[in-house]
Chemist: 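The structure is given below, and queries will be raised subsequently.
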Amino acid sequence: MAKARFDAEARAGLTLISPPFFYALVILAAPVLTILTYSFLTDGYLEVLREFTLGNYREVLSDPIVRVVMTRSLVVAGVVTFATVVLAFPIAYYVSFFVRPERKAMWLFLITIPFWTSYLIRVFLWKVILGYNGVINSSLTGLGIIDEPLTFILYNVNSIVLTLAHAYAPFAILPIFVALEKIDRSLLEAGRDLGESRAMTFWRVTLPLAMPGVIAASLIVFIPTIGDYVTPEVIGGGKIPMIANMIQVQMLALDNRPLGSALAVTAMLAVALISMLFLFLNRRFLKRPQ
Amino acid sequence: MSIHSSGRGLQFYAVAYLLFLYAPIVLLPMFAFNSGTIIAFPLQGFSLQWFDAMWSNATLRRALMNSLTIAVASSVLATCLGIFAARASSRFEFPMKGGIMGLIMLPMVLPEIIVAMSLLVVLLGMGVQLSLLTVILGHTLVAMPYGIAILSTAFASLDRSLEEAAYDLGETKWSAFRLVTLPLVMPGIISSLLISFTISLDEFIIAFFLAGNEPTLPTYIFSQLRFPRAIPVIMALGTVLVVLSIVLLAIGEYFRRRGNARIGGSPTGGLM
C-alpha cells in the first residue's frame, strides 16, 4: 500500500517536472555536452574533423597568452569577490542588526534597485566617472587638487575590478543578510553575559554563524564575474581580455571551435573546482559544534 | 562603546555605500537632460533634444519592439515551465529529484558566456537560422531558475488541506488547481513574470550572440557606446529604462508582499 502510494507520488512528480526538465536537457545539457565533445576533436578548415585529440587541452595549458588571460580572470574574479564581500558585510550587518524590522524591506529594496537598471549603461557610466575627462578627473582638476588627469583609474584592471564590485554588490549583501537574520539574538546576549567583550562576541559568535551566508555570497559573486564579457570589453577597451572574451574570439572570430570549446570546458572546470572548495568550506562551518 | 555609537558609524557607512551604489544612476538623468554633446562636466544647459532624438530613431524603435517581444515571450514561457518545476519540487518526492532540480537551476550559477556559446555552436551546427526565436530559447532558460525560486516559496507555503477540501467537495484535480491553488499562488506568478521580463529585457550576452542581425535594446546600446555622438541619446534611453525598471519592481514587490500577507509570511527576504 505504502509502496503503491509512493509510486503514484513519484509518477506524478516526474510527470510534472518533465516539461522544465526536458527543456533544460535540450537547451542546456545537450549543448554543453556538444562543447565537451568538440573540445576533444580536431579543427579542420571550415569544419570540425571527427578525430580524437587531446591537443586542444595541451594548447590551452601550454599557451602563454591563455595562461595570462586565465590568471587575469581568476585574479580579477578573486579580488572582486573579496572586495565585494568585505564591503557588503557591514551593510548586511547594519540592516539586520540596527534597522527597525518594518524598515528592513525598504533598505533591501533600495539596495537592489541599481542592480535592475541596464547593466551595459551602468558599466559605461563607470567609464564616464573614471575616464580621462571623466567626473573624477574633471572635478579634481577643477578644484585644483591635481594638475594632470589621473590615468591609473581607466583602461586597466583596477577599473574592471571597481566596475564589477559595483555590479555585483546586491548579490553579496542579500545572502549575508539572510544568514545574519537567522542568528538567534539570545546567543549574542549569552556571549555578553559570559563576560565576552562586544568585539569578541562578534568574532566568536556572530561571524561563524554568518559564515554560510558569506560563502554563498562569495560563490554568487565569483561565478558570474569570472565569465564576464561586457566589462573587459567596455572598460578595458578590448585590450585587457578575460576568459569570456577569449572564448568568443576563438569560437567566432578565429572559427576554431575545438580550441574555443576546450577553453570553455577548462573555464567551467576551474569554476566548478573553486565552487566545490567553497562548498566544502561551507560544510566545515555547518558541522562546527554550535 | 555603546550600541548607539557603533550603530551611528555603521549608518554613516551604509549611507556612503548607497551613494556608491547609486553614483552611476544619478549621473544618467544629468547627462540625459544636458544640452551639451559631450558626456563631461560642467553641464551645459537643460534640453529635451536627446529624448526627441530617441523617439524618432527607427533602429532604436525596432530594437525596443524586438526586446519587448523577446521579454514577453520568454517571461511567459519561463513562468509556465517554472510553475511545473515549483509545484513538482514543493509537493512531490520523486527519484533523482536533486539532480533534476540541479540541472534546471544550473543557469543561475553558470557563466552566461558558456550558455550562449554552447547554444550558438549547436544551433549553427544544426543550420538553424538565428532570430528572435533563438534568443527567446536562451532567455527562457536563464530566467526560469529565478522564476522557480520565487514560485517555490509561493507553492511551499500553500496549505495542502485547502486542496484536499476542494477534492472532498467534488472538484477534479485540475479544477481544484485552477479554482484554489492558482488564485493563491497568483502573486508569485505575477512576480515571476515581472522578474523574468526584467531579466530578459536587460540580458546582453545571449542576445548578442543568438539574435543574428536583429537588434535588441542591450545590443543596440552596446553598438552605440563606440560612437561619442550617440551617447547622449543612450543616456536618455537609460533614464527611461531606469524609471521603467523601478515601476515594474515596485509592482512586483507589491504583489509579492500581498502574497506573503495572504499566506501570513514576513515581509523581508525579497528574491532570496
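Only a predicted model underlies this, so the values are computations on that prediction, with no experimental measurement involved. A note on names: the letters A, B, ... follow the listed sequences, proteins ahead of strands, and every chain is numbered from 1. Just so you know, these numbers use all the heavy atoms, side chains as well, and skip hydrogens, waters and symmetry mates.
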Chemist: Report which part of B:Val115 has an atom under 4.5 Å of a heavy atom belonging to chain A: side chain, backbone, both, or neither.
Modeler: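 It is the side chain, since no backbone atom gets that close.
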Chemist: Select one option (side chain, backbone, both, neither) describing which atoms of A:Phe222 are under 4.5 Å from chain B's heavy atoms.
Modeler: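 It is neither, since no heavy atom gets under 4.5 Å.
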Chemist: For A:Leu219, is it the side chain, the backbone, both or neither that has a heavy atom under 4.5 Å from a heavy atom of chain B?
Modeler: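 A:Leu219 has no heavy atom closer than 4.5 Å to chain B.
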Chemist: Hey, could you give me the CD1/CG distance between B:Ile100 and A:Leu14, rounded to the nearest 0.5 Å?
Modeler: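 It comes to 5.5 Å.
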Chemist: Counting only non-hydrogen atoms closer than 4.5 Å, does B:Leu120 touch chain A with its backbone (N, CA, C, O), its side chain (CB onward), both, or neither?
Modeler: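 For B:Leu120, side-chain heavy atoms alone lie under 4.5 Å from chain A.
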Chemist: Would you say that B:Pro24 contacts A:His166 through its side chain, given a criterion of any heavy-atom pair below 4.5 Å between the two side chains?
Modeler: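 Yes. Closest side-chain heavy atoms under 4.5 Å.
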Chemist: Could you tell me how the ring of B:Phe208 sits relative to the ring of A:Tyr229: parallel (under 30°), tilted (30 to 60°) or perpendicular (over 60°)?
Modeler: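 B:Phe208 vs A:Tyr229 ring planes: tilted.
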Chemist: Which answer fits A:Glu102, side chain, backbone, both or neither, if we ask what part of it has an atom under 4.5 Å from a heavy atom of chain B?
Modeler: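 Neither part.
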Chemist: With distance as the sole test, does A:Glu9 use its side chain to make a donor-acceptor pair with the main-chain N or O of B:Glu93 at under 3.5 Å?
Modeler: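 Side chain of A:Glu9 to backbone of B:Glu93: a pair is present.
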Chemist: Under 4.5 Å heavy-atom distance to chain B, tell me which part of A:Thr34 shows up: side chain, backbone, both or neither.
Modeler: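 For A:Thr34, the contact with chain B is made by the side chain alone.
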Chemist: Which heavy atom of B:Leu103 sits nearest a heavy atom of A:Leu28, and at what distance?
Modeler: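 Between these two residues, the closest heavy atoms are O-CD2, 3.8 Å.
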Chemist: Flag the pair A:Leu252 / B:Phe209 as yes when at least one side-chain heavy-atom distance between them is below 4.5 Å, and no otherwise.
Modeler: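 Counting from C-beta outward, A:Leu252 and B:Phe209 do come under 4.5 Å.
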Chemist: Heavy-atom distance under 4.5 Å to chain A: side chain of B:Met96, backbone, both or neither?
Modeler: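 Neither part, no heavy atoms under 4.5 Å.
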Chemist: For A:Tyr23 and B:Ile136, work out which heavy atoms get closest and say how close.
Modeler: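 Where A:Tyr23 meets B:Ile136 most closely, the heavy atoms are OH-O, 4.2 Å.
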Chemist: Between A:Leu87 and chain B, which part of the residue has a heavy atom less than 4.5 Å away: side chain, backbone, both or neither?
Modeler: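 A:Leu87 touches chain B through backbone and side-chain heavy atoms alike.
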Chemist: Angle class for the A:Trp126/B:Phe20 ring planes (parallel below 30°, perpendicular above 60°, tilted otherwise)?
Modeler: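 Taking B:Phe20 first and then A:Trp126, their aromatic rings sit tilted (interplane angle of 30° to 60°).
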Chemist: What is the minimum heavy-atom distance between B:Ala88 and A:Leu16, and which atoms define it?
Modeler: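 Shortest heavy-atom separation between B:Ala88 and A:Leu16 comes out as CB-CB, 3.7 Å.
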Chemist: Any chance you could lay out the side-chain contact (heavy atoms from CB on, under 4.5 Å) test for A:Val99 and B:Gln11, step after step, and finish with the verdict?
Modeler: CA-CA 9 Å; A:Val99 171; B:Gln11 189 170 30; over 6 Å; no
Chemist: Between atom CZ of A:Arg257 and atom CE of B:Met117, what is the distance when rounded to the nearest 0.5 Å?
Modeler: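 Taking CZ in A:Arg257 and CE in B:Met117, the distance rounds to 9.5 Å.
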Chemist: Quick one: CD1 on A:Ile91 to CG on B:Leu10, what's the gap to the nearest 0.5 Å?
Modeler: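 Answer rounded to 0.5 Å: 8.0 Å.
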Chemist: Please report the C-alpha distance between A:Ile121 and B:Val242 in whole Å, then the side-chain angles of each, then the deciding distance to 0.1 Å, and finally whether the side-chain contact (heavy atoms from CB on, under 4.5 Å) criterion is met.
Modeler: CA-CA 10 Å; A:Ile121 294 182; B:Val242 168; over 6 Å; no
Chemist: Heavy-atom cut-off 4.5 Å, strictly under: side chain, backbone, both or neither for B:Ile114 against chain A?
Modeler: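 When you check distances to chain A, only side chain atoms of B:Ile114 fall under 4.5 Å.
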Chemist: How close do A:Ile111 and B:Leu21 get, heavy atom to heavy atom, and via which atoms?
Modeler: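 Nearest heavy atoms, A:Ile111 then B:Leu21: O-CD1, 3.9 Å.
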Chemist: I need the minimum non-hydrogen distance between A:Ile35 and B:Ser118, along with the two atoms involved.
Modeler: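 Result for this residue pair: CG1-CB, 3.2 Å.
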Chemist: Could you please spell out the steps behind the side-chain contact (heavy atoms from CB on, under 4.5 Å) verdict for B:Leu110 and A:Met268?
Modeler: CA-CA 8 Å; B:Leu110 203 61; A:Met268 263 192 287; 4.3 Å; yes
Chemist: Crowded around A:Phe109 CZ? As in, over 12 foreign heavy atoms under 6.0 Å?
Modeler: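 More than 12 within 6.0 Å, yes.
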Chemist: Looking only at heavy atoms and a cut-off of under 4.5 Å, which of A:Gly227, A:Pro114, A:Ala244 has the most pairs with chain B?
Modeler: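 Maximum pair count with chain B is reached by A:Pro114.
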Chemist: Quick check for you: among B:Ile246, B:Leu77, B:Leu18, B:Leu123, which has the greatest number of heavy-atom pairs under 4.5 Å with chain A?
Modeler: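 Heavy-atom pair counts peak at B:Leu18.
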Chemist: Working to the nearest 0.5 Å, report the span between CG of A:Leu120 and CD of B:Glu203.
Modeler: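 Rounded to the nearest 0.5 Å, the CG-CD separation comes to 9.5 Å.
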Chemist: How many angstroms lie between CG in B:Leu27 and CD1 in A:Ile129, if you round to the nearest 0.5 Å?
Modeler: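 So the CG of B:Leu27 and the CD1 of A:Ile129 are separated by 5.0 Å.
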Chemist: Any idea which heavy atoms bring A:Ser118 and B:Leu241 closest together, and the distance?
Modeler: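 Heavy atoms only, the tightest pair is CB-CD1, 4.4 Å.
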Chemist: About how many Å separate CD1 of A:Ile223 and CD of B:Glu112, when rounded to the nearest 0.5 Å?
Modeler: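 Spacing of CD (B:Glu112) from CD1 (A:Ile223) equals 13.0 Å.
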Chemist: Where does A:Pro19 contact chain B at under 4.5 Å (heavy atoms): side chain, backbone, both or neither?
Modeler: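 A:Pro19 touches chain B through backbone and side-chain heavy atoms alike.
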Chemist: Please determine whether the number of non-hydrogen atoms from other residues, nucleotides or ligands lying under 6.0 Å from atom CZ of A:Arg103 exceeds 12.
Modeler: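 Counting other residues, nucleotides and ligands, CZ of A:Arg103 stays at 12 neighbours or fewer.
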Chemist: Looking at B:Ile25, B:Thr198, B:Leu137, B:Val109, which has the largest count of heavy-atom pairs under 4.5 Å with chain A?
Modeler: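 Option with the top pair count is B:Leu137.
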Chemist: Looking at chain B, which one of A:Ala29, A:Pro31, A:Gly260 has the largest number of heavy-atom pairs inside 4.5 Å, strictly under?
Modeler: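 Most heavy-atom pairs within the cutoff with chain B belong to A:Pro31.
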Chemist: Between A:Ala272 and chain B, which part of the residue has a heavy atom less than 4.5 Å away: side chain, backbone, both or neither?
Modeler: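 Neither; nothing under 4.5 Å.
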Chemist: Between B:Pro111, B:Cys80, B:Ala78, who has the most heavy-atom pairs with chain A when the cutoff is under 4.5 Å?
Modeler: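 That would be B:Pro111.
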Chemist: Picking from B:Val122, B:Val121, B:Asp202, which has the most non-hydrogen pairs under 4.5 angstrom with chain A?
Modeler: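 Between B:Val122, B:Val121, B:Asp202, the count favours B:Asp202.
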Chemist: Where the side chain of A:Tyr119 meets the backbone of B:Pro218, is there a donor-acceptor pair that is under 3.5 Å apart?
Modeler: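 Side chain of A:Tyr119 to backbone of B:Pro218, a donor-acceptor pair under 3.5 Å: no, none is there.
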Chemist: Under the side-chain contact (heavy atoms from CB on, under 4.5 Å) criterion, do B:Met235 and A:Phe124 qualify, and how do the steps go?
Modeler: CA-CA 10 Å; B:Met235 296 290 123; A:Phe124 179 76; 3.6 Å; yes
Chemist: Check each atom of A:Val234 against the heavy atoms of chain B and say whether the ones under 4.5 Å are side chain, backbone, both or neither.
Modeler: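 Interface part for A:Val234: side chain.
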Chemist: Among A:Met251, A:Gln248, A:Glu233, which residue forms the greatest number of heavy-atom pairs with chain B at distances under 4.5 Å?
Modeler: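 Most heavy-atom pairs within the cutoff with chain B belong to A:Gln248.
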Chemist: Quick one: which of B:Ile221, B:Ile234, B:Leu225, B:Leu201 has the most heavy-atom pairs under 4.5 Å with chain A, could you say?
Modeler: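 With the most close heavy-atom pairs to chain A, the winner is B:Leu225.
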Chemist: With chain B as the partner, which of A:Ile113, A:Leu36, A:Val265 has the greatest number of non-hydrogen pairs under 4.5 Å?
Modeler: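 The option with the most such pairs is A:Ile113.
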Chemist: Where on A:Ile173 is there a heavy atom nearer than 4.5 Å to chain B: the side chain, the backbone, both, or neither?
Modeler: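 The side chain, not the backbone.
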Chemist: Tell me if the aromatic rings of B:Tyr17 and A:Trp107 count as close, with their centers under 6.0 Å from one another.
Modeler: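 Judged by ring-centre distance (under 6.0 Å), B:Tyr17 and A:Trp107 do not meet the cut-off.
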Chemist: Less than 4.5 Å to any heavy atom of chain A: does that hold for the side chain of B:Arg226, its backbone, both, or neither?
Modeler: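 Neither part.
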